[in-house]
Amino acid sequence: MTVPTKPAAPVESAPPDGMIPLDAKDFKGKVNPDWCPGCGDFGVLNCVQRASAELGLQPHNILNVSGIGCSSNFPGYFNAYGMHTLHGRSLAVATGAKMGNHQMTVLVTGGDGDGYGIGGNHFTHTARRNIDLTYIVMNNQIYGLTTGQLSPTSREGARTKSSPFGSVETPINPILMSIMAGATFVARGFSGDGKHLIDLIKQAILHKGFAHIDVFSPCVTFNHDNDYPFFRQRVKRLEDEEHDVHDWKAACEKAMVWDDTIYTGVFFRQDDPPALEDKEPVLEDDTPLAHRPLGLNDDQIDKLIRRMM
Amino acid sequence: MTVPTKPAAPVESAPPDGMIPLDAKDFKGKVNPDWCPGCGDFGVLNCVQRASAELGLQPHNILNVSGIGCSSNFPGYFNAYGMHTLHGRSLAVATGAKMGNHQMTVLVTGGDGDGYGIGGNHFTHTARRNIDLTYIVMNNQIYGLTTGQLSPTSREGARTKSSPFGSVETPINPILMSIMAGATFVARGFSGDGKHLIDLIKQAILHKGFAHIDVFSPCVTFNHDNDYPFFRQRVKRLEDEEHDVHDWKAACEKAMVWDDTIYTGVFFRQDDPPALEDKEPVLEDDTPLAHRPLGLNDDQIDKLIRRMM
Amino acid sequence: MASASFDFVIGIGGAAGQGIATPGNILARTFVRRGLHLNAYNAHQSIIRGGHILLSLRVANAPLHSYGDQLDLLLCLNQDTMNRHLRHMAAGSWVVFNSDDIVPGETAAGVHLCPLPVAELTNKSRNKVMQNTVALGAILAILGLEFSTLEEILQQEFGRKGADVVRENVDAARAGYERAQAEFTLRTSPIPTGPKPLAVWAGNDALAMGGAVAGVKFYAAYPMSPSTGVLHWMAANARELGILVRQGEDELAVANMTIGAAHMGCRAMCATSGGGFALMTEAIGMAGMMETPAIFINVQRAGPSTGVPTKTEQGDLWQALGASQGDFERFIVAPFDALDAFHSVGELFNLTDKAQCPGIMLTDLLISEGTFSVDPDAMNTQPTIDRGELITAPPALNGDSAGNGDSATNGNAPHPNGYLRYAYTDTGISPRAIPGVAGHMYVAASDEHDEDGILISDEFTNPHKRRKMVEKRAQKFRHVIADVSAPALLGPPQAQVTLVGWGSTHGVIQEAAAQLEAQGVIVNHLPIKWIVPFHSAEVTRILADAAQILIVENNYSGQFARYLRSETGIAAHGHIRKYDGEPFMPHHIVAGVQAHLAGTVTSPVPDMPPIFIPEQEFVV
Amino acid sequence: MASASFDFVIGIGGAAGQGIATPGNILARTFVRRGLHLNAYNAHQSIIRGGHILLSLRVANAPLHSYGDQLDLLLCLNQDTMNRHLRHMAAGSWVVFNSDDIVPGETAAGVHLCPLPVAELTNKSRNKVMQNTVALGAILAILGLEFSTLEEILQQEFGRKGADVVRENVDAARAGYERAQAEFTLRTSPIPTGPKPLAVWAGNDALAMGGAVAGVKFYAAYPMSPSTGVLHWMAANARELGILVRQGEDELAVANMTIGAAHMGCRAMCATSGGGFALMTEAIGMAGMMETPAIFINVQRAGPSTGVPTKTEQGDLWQALGASQGDFERFIVAPFDALDAFHSVGELFNLTDKAQCPGIMLTDLLISEGTFSVDPDAMNTQPTIDRGELITAPPALNGDSAGNGDSATNGNAPHPNGYLRYAYTDTGISPRAIPGVAGHMYVAASDEHDEDGILISDEFTNPHKRRKMVEKRAQKFRHVIADVSAPALLGPPQAQVTLVGWGSTHGVIQEAAAQLEAQGVIVNHLPIKWIVPFHSAEVTRILADAAQILIVENNYSGQFARYLRSETGIAAHGHIRKYDGEPFMPHHIVAGVQAHLAGTVTSPVPDMPPIFIPEQEFVV
Ligand SMILES: Cc1ncc(C[n+]2csc(CCOP(=O)(O)OP(=O)(O)O)c2C)c(N)n1
Ligand SMILES: Cc1ncc(C[n+]2csc(CCOP(=O)(O)OP(=O)(O)O)c2C)c(N)n1
Ligand code: SF4
Ligand code: SF4
Ligand SMILES: [Mg+2]
Ligand SMILES: [Mg+2]
């Protein structure tokens with residue numbers, strides 16, 4: 001049998017055989033987003049839809065997994081198979097799903113709280129396994145859906161409903177975390193820079209291995225520190241600098257810059273390490289596990305029983 | 001009132017006023033360790049006992065928190081207050097305990113599975129909060145107590161009961177993780193190099209902030225890859241090299257070395273960032289929360305009720 | 001009801017982000033200052049902007065126990081509200097709306113339509129929320145209240161935004177007030193005044209404050225609706241009150257931090273909802289094994305799973321009963337309302353301190369996010385604090401509460417002085433030394449252990465010691481539960497129907513009972529607050545006399561009914577259940593009782609007693 | 001029993017690390033190859049080296065259901081074993097030991113002491129475990145078995161270590177064999193042979209293999225005693241069988257990965273014990289809400305909390321019942337023994353696939369870590385596989401099981417073709433498309449949703465839709481549970497006592513019943529396997545005729561007794577409980593029944609039925 005395959009080479013707009021090319025609006029979901037007007041997540045949604053169309057992906061060959069949060073409502077607005085799972089568990093569910101059908105493109109979307117807070121352990125362990133997932137975090141430095149509490153990316157001093165006198169905790173730097181955990185593609189985007197973000201998303205989807213994009217996606221309702229003007233004034237694309245994406249030191253150095261300049265772009269990538277699916281002998285066969293016949297044959301059973309005697 | 005205080009300056013063997021100086025055997029617990037003969041954890045236990053004596057600590061002013069695992073049986077063998085908690089949760093319990101009585105020396109001991117596997121999220125978040133805990137991980141690259149399965153620090157290819165054909169997962173590098181997460185004291189020791197380890201433990205306890213020591217502590221029963229000879233042949237003390245502990249790049253570089261040489265010693269430290277307790281206004285008062293009077297006074301109540309009207 | 005009685009429900013409908021909270025708060029404060037009682041419920045969606053919200057504010061001059069059965073005045077902030085709710089408005093009710101944007105539809109006879117041309121009244125202000133202030137003024141006029149009360153509250157509400165904002169709002173409110181006086185039908189009977197001003201709080205405030213007065217020193221949380229209000233209160237007040245508040249990285253951290261602080265001797269608690277509670281269960285079992293007192297609050301919402309985050313349910317009873325593996329002692333309490341929750345926190349702390357075990361509290365969205373008036377004099381803000389057998393200083397210093405064992409008298413006592421943390425005693429209670437006390441060192445372990453805290457696996461896995469330790473823990477619990485008050489029957493001892501409820505249905509059942517009485521049906525009511533310990537003997541005795549038992553609960557499967565049967569063997573004659581996300585209104589229960597009496601209720605499952613499930617007419 | 005009957009228990013005692021497993025395995029294989037039945041239980045501690053272990057191997061020529069009541073032969077690998085257990089050895093029993101290191105104590109009359117001078121017999125081998133091999137030889141001789149069987153197995157066991165090792169072992173075994181023949185009292189009656197060779201497995205192997213034959217494609221786990229054996233089996237066999245095995249970073253990951261793989265269309269399962277199960281509960285609720293079939297196995301051990309990791313208990317029943325918040329549909333099954341567990345996995349997969357919901361299986365250390373003989377012919381290795389209403393290809397291709405929707409006929413169908421994942425149907429079952437099928441895109445959400453999978457909060461939080469969806473899920477479950485077999489009474493229809501147990505007590509109760517019968521007491525036995533669905537009507541009918549109901553369970557609080565009452569109202573007349581970490585032996589239950597009949601049993605709590613708690617004489 002032929003199975004839906006993920007484009008192997010960076011072909012930009014050729015859908016698989018027998019498929020009509022789609023455009024971004026074909027990736028519109030069943031309902032309109034109920035995000036606040038101006039929410040950064042709109043921009044991310046548009047970019048994912050555009051990137052999917054430009055890569056010639058087909059909705060039924062994509063699985064979009066999310067956790068819980070404003071940003072995690074994403075799958076409802078994206079025409080693909082979706083799983084809107086538990087707060088913090090998207091990467092674990094996505095890992096199982098990818099193993100279950102390794103021919104699907106698995107896109108994981110969520111928030112900073114979801115991914116770096118409660119989901120932090122799955123984040124680092126999924127990264128080290130280098131499983132072929134694209135993980136887009138809409139980082140608004142706040143807990144949006146619960147109406148504005150501290151996030152692990154909120155700056156020290158941030159005043160939120162859970163830190164009305166200013167946070168006393170140092171935030172996490174997700175770019176550093178994923179580089180050191182073993183992610184093989186690590187980037188940062190800005191929802192206000194769509195053209196750039198589309199390009200990052202396409203690269204991430206085409207990358208074979210764990211690809212992480214942290215996207216500044218402002219919460220216009222609860223985070224007045226990190227709003228569009230804040231980022232607009234600061235973001236600088238790494239592509240416009242001399243930056244060697246294979247140099248982890250340079251990548252970390254750039255990721256640590258947080259002042260008048262904040263970098264976006266690909267910080268780090270490594271193309272050699274094989275993805276987990278390619279290291280799992282059971283997945284050598286292209287047929288997804290989900291489509292293989294169930295049960296054991298007589299030979300297998302005989303062998304097992306012989307060992308028990 | 002006076003409260004038991006943690007030695008503020010690196011006084012090496014002066015117990016607090018009115019206390020008799022103790023020696024290592026005073027830190028022996030109620031029972032003898034039931035670790036396998038030759039287990040690396042014996043060495044760690046000895047070093048912690050020696051370091052405690054040399055620092056002039058008093059058993060009742062120490063709280064030793066652990067999770068579950070062979071290494072987590074530690075508090076039972078150490079004369080101090082102890083909490084032998086849940087698998088993976090030692091740092092969370094220790095955080096609450098330190099907040100509850102910030103005058104106690106809180107020492108957290110456990111294994112690689114406990115700390116970097118199931119406990120990974122607490123590990124990174126405790127590090128970024130820079131709470132004043134000393135965290136000693138007896139890293140044997142295996143799950144010992146459950147009789148030998150993959151650990152997140154097992155090398156790729158490791159054959160264990162859960163990976164009889166060799167692991168296909170890339171291990172985590174705990175030193176890199178804790179540096180990037182925000183730990184302000186990051187070191188590695190070897191159970192076979194006691195003198196060095198004692199020194200690291202003393203420095204870690206005296207450090208104000210989150211101090212993490214990853215200790216190679218061989219599991220002689222289930223890990224035949226990473227045994228004493230393996231480490232003996234390779235470990236090199238950073239103190240014997242030109243290494244600037246304030247340079248994160250050098251620290252990461254040294255931490256990544258894993259061949260004929262494997263470094264031990266202090267990789268990274270930062271003394272400026274205040275510990276969490278020093279940033280929490282509620283803890284400005286030296287009296288531990290556990291000893292403060294309970295309930296509210298009339299003024300406080302009046303104020304609260306006025307705001308409700 | 002007496003002629004002087006006043007009981008009026010104002011509904012405010014609009015979309016999230018239209019600022020419904022502000023007029024809601026202002027009205028609430030206006031009424032409670034007048035000494036009137038308030039019970040408000042906000043039916044909303046889990047989105048931040050848009051969608052539909054309906055806030056029902058019920059005010060009366062007698063204590064209120066539910067948010068009522070109908071709307072007497074509806075303020076529509078958008079067309080959607082008009083379209084959804086106009087049909088619920090009956091003769092004599094008012095409908096207030098901004099006639100610049102909203103057109104009314106068909107009304108029942110006698111509904112007073114009150115159009116407000118907001119642009120005209122505010123000199124074309126472009127401030128979108130100004131319509132709310134105009135409407136507030138109009139509502140005050142319709143109710144016949146003096147404008148001055150409102151002026152004062154607007155000053156307070158907007159004061160920190162500057163004099164201009166205050167002036168703009170006062171002007172808008174006055175314009176609405178005057179327009180209403182000039183053009184609308186006004187309520188004729190004067191609104192009564194209560195004997196003294198009341199205060200207003202949400203159930204979550206009550207939980208937090210209940211903790212504060214009971215001596216909470218450590219509060220941890222991870223945000224989760226509908227429990228987050230407790231965190232917000234704590235974060236806002238903690239510094240002033242000397243409470244350490246931590247937002248954890250997840251609920252695993254929260255529960256374990258709470259136990260860590262509790263173990264050191266602090267009163268410590270945390271709150272969450274079902275999904276977060278699931279993550280806390282393992283730690284709760286540890287507190288059971290270590291004998292550490294700490295409180296875990298589960299503010300229930302509609303499940304399963306993420307469910308309906310902004311809707312209510314009593315669906316986590318079996319989750320609480322099954323929280324963590326194995327058998328261990330813990331209290332489970334489901335308070336009746338906000339004031340009861342406030343008092344129950346302290347009560348639960350005393351019990352858990354005495355029995356050295358965890359305590360679980362079950363509230364729900366209805367209590368926790370509801371807004372209620374409260375008489376400050378009814379709040380016991382200096383509750384008795386009983387910490388049980390706690391050792392905070394070595395023997396020589398005992399009684400010196402500031403003692404910390406650090407005295408020359410006692411030396412540093414590097415070796416334990418024979419202290420056994422888990423000593424077998426007659427009561428099963430082993431005096432608990434907190435860490436820091438000289439000479440009392442021990443290890444508290446999640447593994448089974450002996451009297452000295454030593455793991456029983458550390459010597460030999462001794463079945464006799466194991467058995468004795470299990471029995472010791474059970475024994476201490478039996479010793480302490482004698483203090484817990486048994487449930488009591490409300491209403492006449494003999495009745496046609498006995499309604500049995502638990503937790504937050506207390507109020508609405510009481511109101512339904514009153515309505516039924518007015519309809520000539522005699523009912524009484526057995527409200528259950530203590531789930532564990534459950535007063536089986538008392539409940540059996542009370543229900544033995546019941547002619548017809550109907551169990552009322554806000555879930556699908558009858559979780560309480562099954563639990564009641566497990567503890568007493570009693571099967572009810574019928575059930576009244578609701579699981580559509582909305583709480584009961586009194587008339588739902590009235591209808592259920594009437595239908596059961598009429599024998600018209602069927603069962604969805606053969607061989608099971610009939611179950612009445614009211615239609616949710618409102619908020620559709 | 002007939003004279004040809006053979007029933008013999010060998011105990012091997014020593015410290016962890018002394019290699020008890022090897023002689024245990026060799027003896028087990030020796031017996032099952034002969035066609036004898038085996039039931040073995042290993043009483044051990046949670047440490048890797050040292051401490052005390054007692055492995056009991058019971059063999060017989062009739063099927064066995066427990067590990068028996070006494071030891072007929074004791075092999076002491078250290079002095080400690082001699083000191084602890086010599087007093088349990090009765091007249092006619094054998095005690096084998098290395099007389100170089102171990103001295104016997106006082107024995108009862110008629111005990112055969114069998115000293116082995118190991119150094120002499122092995123030419124002073126310095127290999128510490130050689131004493132085990134010498135003893136094996138001696139035991140075979142005592143039992144009157146031919147040496148050749150042993151030789152063959154030693155060859156197999158040590159073959160991969162080289163010919164020298166094999167020779168060394170065979171020589172040592174022979175020396176022991178010959179010494180015994182020469183000097184010890186030998187068993188006189190010949191040991192029978194069964195009709196055909198049997199196989200041997202542990203309960204965890206049965207669980208894993210049950211999954212494999214039922215089509216498991218994804219297995220995830222985080223190690224946790226006593227469930228880890230399932231992971232070990234899977235890891236060892238997965239590549240050959242095409243099963244993907246992942247060790248997760250924690251149980252949260254494990255449960256969620258399992259659901260991810262299941263959602264894609266794989267049969268997926270995971271196993272853990274109580275503490276890990278606590279961490280899985282939130283995900284189980286999600287599977288309920290998303291309608292994803294997946295299996296979660298909880299291998300119970302003694303709790304609460306970390307408890308006694310190497311000891312058994314039936315203590316997580318209420319944890320399973322209360323796993324996750326809210327009301328949702330899930331199966332809970334507690335198989336009776338290893339073979340039943342093997343079959344139950346497939347049965348549970350069919351049910352969960354048909355009802356599209358999670359399934360929970362409760363086993364315990366006794367089943368999972370016990371070693372048992374099994375007749376391969378009794379294993380249904382090609383079970384019926386019923387995946388329910390599953391859509392694996394678009395309509396045009398349906399019936400083509402390899403279909404994936406990727407055909408030119410169907411195009412890529414970017415827009416859904418009217419497919420409603422959660423469609424209301426008469427049965428409540430909505431056909432389930434797996435991701436990858438063209439034209440069937442939907443979102444599976446943990447939030448409440450409508451037929452199309454859209455969050456009900458995304459439009460309006462519609463109470464009517466919410467109610468209908470809750471009822472749809474309940475309806476599908478009711479539809480499927482008709483397939484689940486009801487419990488049946490074992491033994492005579494009329495009896496003095498009806499014993500009721502659940503799960504793993506099945507075998508030991510059966511043996512106790514036989515012993516009671518021999519003592520002239522007529523008992524029957526109602527074993528319960530299906531916890532949810534619970535066959536209330538059937539159970540009520542069966543127990544209505546019972547003269548005296550005694551509930552037997554391996555926990556403190558009577559978790560099953562309380563559940564039985566919640567579902568049927570039935571309160572037992574008395575209880576037999578054990579919670580010291582060790583499983584029941586038949587004579588414990590016999591003693592309990594006799595004591596209840598004699599009226600000598602008291603209750604620890606007034607007003608409660610009497611509870612008999614046997615003393616654990618053994619393993620102390
Ligand atoms: C176990 C659990 N804990 C807490 C919550 C409540 N909750 C829902 S969304 C959220 C945080 C959302 O923050 P983020 O992930 O950053 O997403 P955003 O809304 O900012 O896009 C929380 C805490 C939950 N649903 N489940
Ligand atoms: C929630 C939970 N999951 C699993 C276990 C089982 N368990 C006990 S110790 C352990 C791993 C031990 O490994 P590590 O932490 O490295 O300690 P070591 O024994 O190697 O010193 C595991 C998985 C548990 N006790 N609790
Ligand atoms: S609350 Fe913030 S994150 Fe959520 S939808 Fe609104 S703007 Fe976006
Ligand atoms: S199993 Fe390994 S880690 Fe555990 S005590 Fe033995 S040697 Fe140490
Ligand atoms: Mg966010
Ligand atoms: Mg380890």
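Keep in mind that this is a model prediction, so the values were computed, not measured. Residue numbers start from 1 in every chain, and the chains themselves are labelled A, B, ... in the order their sequence lines are given, proteins ahead of strands.
A donor atom on one side chain and an acceptor atom on the other are not found under 3.5 Å apart for A:Asp41 and A:Ser71. A:Tyr77 and A:Asp34 share a donor-acceptor pair across their side chains, judged by distance under 3.5 Å alone. Side-chain polar atoms of D:Gln382 and A:Asp298 form a donor-acceptor pair below 3.5 angstrom.
Within the model, atoms OG1 of A:Thr95 and CG of D:Asn256 stand 10.0 Å from one another, a figure rounded to the nearest 0.5 Å.
Using a 4.0 Å cut-off between charged nitrogen and carboxylate oxygen, D:Arg421 and D:Asp452 do not count as a salt-bridge pair. One finds no salt bridge joining A:Glu277 and D:Arg246 here, because no Lys/Arg side-chain nitrogen approaches an Asp/Glu carboxylate oxygen to under 4.0 Å. With respect to the salt-bridge test (charged N to carboxylate O, under 4.0 angstrom), the residues A:Arg129 and D:Glu249 qualify. Salt-bridge annotation for D:Glu157 and D:Arg29: absent, with no side-chain N of the basic residue lying under 4.0 Å from a carboxylate O of the acidic one. Ion pairing between a basic and an acidic side chain is recognised when a charged N comes within 4.0 Å of a carboxylate O; A:Asp23 and A:Arg50 show no such pairing.
Taking the centre of each ring, A:Phe123 and A:His212 come in below the 6.0 Å mark. For D:His449 and D:Tyr422, the gap between ring centers is short of 6.0 Å.
For A:Lys303, the NZ atom sits in a loose shell: 12 or fewer heavy atoms of surrounding residues, nucleotides or ligands are nearer than 6.0 Å.
Of all the listed residues (D:Ile385, D:Leu252, D:Ile243), the one sharing the greatest number of non-hydrogen pairs under 4.5 Å with chain A is D:Leu252. Taking chain A as the reference chain and counting heavy-atom pairs below 4.5 Å, the highest number among D:Thr258, D:Val32, D:Leu198, D:Ile259 is found for D:Leu198. With chain A as partner, the option from D:Glu282, D:Gln156, D:Arg33 having the largest number of non-hydrogen pairs under 4.5 angstrom is D:Glu282. Highest contact tally toward chain D, considering only A:Ser90, A:Gly29, A:Ala92, is held by A:Ala92 [criterion: heavy-atom pairs under 4.5 Å]. Between chain A and the options D:Thr292, D:Val254, D:Asp250, heavy-atom pairs under 4.5 Å are most frequent for D:Asp250. The candidate from A:Gly100, A:Pro75, A:Ala80, A:Gly88 with the greatest count of non-hydrogen atom pairs under 4.5 Å with chain D is A:Ala80. With respect to chain D, the highest number of heavy-atom pairs below 4.5 Å among A:Met99, A:Gln300, A:Lys30 belongs to A:Lys30. Interface remark: of the candidates D:Ala433, D:Cys266, D:Pro383, D:Cys266 forms the most heavy-atom pairs closer than 4.5 Å to chain A. The candidate with the highest count of non-hydrogen atom pairs below 4.5 Å against chain D, out of A:Gly82, A:Pro33, A:Ser66, is A:Gly82.
For chain D, the nearby parts of A:Leu86 are the backbone and the side chain; heavy atoms of each come within less than 4.5 Å. At a 4.5 Å heavy-atom cutoff, the contact between D:Val374 and chain A is made by side-chain atoms alone. Only the side chain of D:Arg267 comes within contact range of chain A, with heavy atoms under 4.5 Å apart. For A:Leu91, no part lies near chain D; criterion is any non-hydrogen pair under 4.5 Å. For a residue to count as touching a neighbouring chain, one of its non-hydrogen atoms must lie under 4.5 Å from one of that chain's; by this rule A:Leu289 touches chain D with backbone and side chain alike. Of the atoms belonging to D:Met289, not a single heavy atom falls under 4.5 Å from chain A. Neither the backbone nor the side chain of D:Ala262 comes within less than 4.5 Å of any heavy atom of chain A. There is no contact between A:Ile62 and chain D, counting heavy-atom distances below 4.5 Å. When heavy atoms are compared at a cutoff of 4.5 Å, D:Ala214 approaches chain A solely by way of its backbone atoms N, CA, C and O. For chain A, the nearby parts of D:Tyr442 are the backbone and the side chain; heavy atoms of each come within less than 4.5 Å. Of the atoms belonging to A:Val93, heavy atoms from both backbone and side chain fall under 4.5 Å from chain D.
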Side-chain polar contacts of residues 202-211 of chain D - donor-acceptor pairs under 3.5 angstrom, sequence neighbours left out - could you list them?
residue, atom, partner, partner atom, Å
D:Asn204, OD1, D:Ser368, OG, 2.8
D:Asn204, ND2, D:Pro226, O, 2.9
D:Asn204, ND2, D:Ser368, O, 3.4
D:Asp205, OD2, D:Ala202, N, 3.0

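In this structure a side-chain-to-backbone donor-acceptor pair under 3.5 Å is present from A:Trp35 to A:Cys70.
For a heavy-atom cut-off of 4.5 Å, chain D lies close to A:Asn121, A:His122 in residues 114-122 of chain A.
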Quick one: do A:Phe210 and A:Thr134 satisfy side chain to side chain contact (heavy atoms under 4.5 Å, CB included)? Show the steps, please.
CA-CA 6 Å; A:Phe210 186 70; A:Thr134 298; over 6 Å; no
